[in-house]
Protein chains: 2
Amino acid sequence: MRHGGWCWKKHGFKECGLRKTQAREALIKLLSQTEGHLTAEEIFWKLKEVLPGIGLATVYRTLELLTQLGIIKKLDFQEGKARFEFIKQEERDHHHLICKVCGKIINYPPSEEYQVLKDLTQKIEQDFDFKVETLEIQAYGVCKDCKKP
Amino acid sequence: MRHGGWCWKKHGFKECGLRKTQAREALIKLLSQTEGHLTAEEIFWKLKEVLPGIGLATVYRTLELLTQLGIIKKLDFQEGKARFEFIKQEERDHHHLICKVCGKIINYPPSEEYQVLKDLTQKIEQDFDFKVETLEIQAYGVCKDCKKP
DNA sequence: GTCCGTGCAAAGTATTTGCAACGCC
DNA sequence: GGCGTTGCAAATACTTTGCACGGAC
């Protein structure tokens, strides 16, 4: 990838000299239709079903590209490997609940406690003169199902 | 490590059949006196100054052990490697501001917005019937110094 | 003396990179 | 046709593991 950062967010694929390829389209389609949070390897195997010739390196390169473009989001749940999710406009800036028992990852939409997060962001910016661009929140604990006796 | 999880949090070193060794003492001392957040390799080289014979594997094993014991905390700032910090009682459950420009990591004590976080936790537990054990918050953005013209 | 802990080297896992072939525009 | 993109294999980066020796209790 030899494009300057300025290009990614402001322009579409073509304007950046980027090409719409089978691999990229398939990956976007897959993630946009997936509820969960997939690892690179999971994505690789799912794409194999559609594009048997695809390589793992391409998956990694495409994931990096789409992350830079702001189309997908890279997530880290302390598993030693990254997970990825499509950024849907209607659920931007949601955060995650991770069950320590079964490993399930639950999306928590931000709408409900929006004011709380806004207050928190404002407080941080004031206290530290720090411009907050993204707030990442993970709650580790025990989910409904694993609490049962 | 062949000890059951029950042992770690409730008991001290000896009660678990754990031995107080030079490596462990030196690592605890180092982290407890360090303000920042060190990687395993940084810790390794710092310990080399005191214990020239120490191996990287021992550092990793000790870090894992102390994390299990709840003495230190493993952190992930999406750098492809973990960082570690000593858990000081007076600044438990603080979170982190990460500057995207210079990579600086700033500790943000929780005291100030304690009520906000308490509300957030309660809301999550209500909405999803999810028992929150730890809340991890990272704010990615631009720090004071990097905002300057 | 016993058994835990350590150093070393090797293995493991996730991710990145070099390069020639390929395929969009 | 030119140049971005891909697949493959090799390389890299971080972390873990096997094993025999050393050290704490």
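Chain A is the first sequence line, chain B the second, and so forth, proteins listed ahead of strands; every chain is numbered from 1.
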N/O contacts under 3.5 Å, protein versus nucleotides 19-21 of chain C?
none

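The closest side-chain heavy-atom distance from A:Lys73 to A:Phe84 is not below 4.5 Å. Counting only heavy atoms from C-beta outward, the side chains of B:Leu63 and B:Ile72 approach each other to under 4.5 Å.
If you measure from atom CD of A:Gln78 to atom C1' of C:dA14, you get 16 Å, rounded to the nearest angstrom. At whole-Å resolution of the value, CZ in B:Arg24 and P in D:dG23 are 15 Å apart. Distance B:Lys74 NZ to D:dC14 P: 14 Å, rounded to the nearest Å. The distance between atom CD of A:Glu42 and atom P of C:dT15, rounded to the nearest whole Å, is 11 Å. Look at CZ on B:Phe44: it is 14 Å from C1' on D:dT15, rounded to the nearest Å. C:dG12 atom C1' lies 13 Å from atom NZ of A:Lys81, rounded to whole Å. Distance, B:Glu25 CD to C:dG5 P: 13 Å, rounded to whole Å. Between B:Glu64 atom CD and D:dT16 atom P there is a gap of 7 Å when expressed in whole angstrom units.
Remark: A:Tyr60 is not in phosphate contact with C:dT16, judged by side-chain N or O atoms under 4.0 Å from OP1 or OP2.
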Which pairs of donor and acceptor atoms, one on a side chain in residues 36-57 of chain A, lie under 3.5 Å apart (sequence neighbours left out)?
unit_1, atom_1, unit_2, atom_2, d
A:His37, NE2, A:Glu85, OE1, 3.1
A:His37, NE2, A:His96, NE2, 3.3
A:His37, NE2, A:Asn107, OD1, 2.8
A:Thr39, OG1, A:Glu42, N, 3.2
A:Glu42, OE1, A:Thr39, N, 2.9
A:Lys48, NZ, A:Pro52, O, 3.0

Show the atom names and distances, to 0.1 Å, of all donor-acceptor pairs under 3.5 Å that link a side chain in residues 130-147 of chain A to residues at least two apart or in another chain.
unit_1, atom_1, unit_2, atom_2, d
A:Glu133, OE1, B:Lys100, NZ, 3.1
A:Asp145, OD2, A:Lys104, NZ, 2.9
A:Lys147, NZ, B:Asp129, O, 3.4
A:Lys147, NZ, B:Asp129, OD1, 2.6

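For an aromatic pair to be called close, the ring centres must be under 6.0 Å apart, and B:Tyr108 with B:His95 satisfies this.
Computed from C1' positions of five pairs at each end, the angle between the two local axes of the helix from C:dG1-D:dC25 to C:dC25-D:dG1 equals 30°, rounded to 10 degrees.
B:Glu64 and B:Gln68 form a side-chain donor-acceptor contact under 3.5 Å, judged by distance and modelled atom types alone.
Of all heavy-atom pairs spanning B:Val59 and B:Leu27, the tightest one is O-CD1, 4.1 Å. Of all the heavy atoms in B:Lys88 and B:Thr34, the pair that sits closest is NZ-O, 4.2 Å.
Of the listed nucleotides (D:dT5, D:dA24, C:dA14), C:dA14 has the atom at the smallest distance from the side chain of A:Glu41.
Annotation: proximity of residues 48-59 of chain B to DNA chain D (heavy atom, distance under 4.0 Å) is found for B:Leu56, B:Ala57, numbered in ascending order.
For the side chain to side chain contact (heavy atoms under 4.5 Å, CB included) test, residues two or more places apart in sequence or in another chain that qualify with B:Glu25 are B:Lys20.
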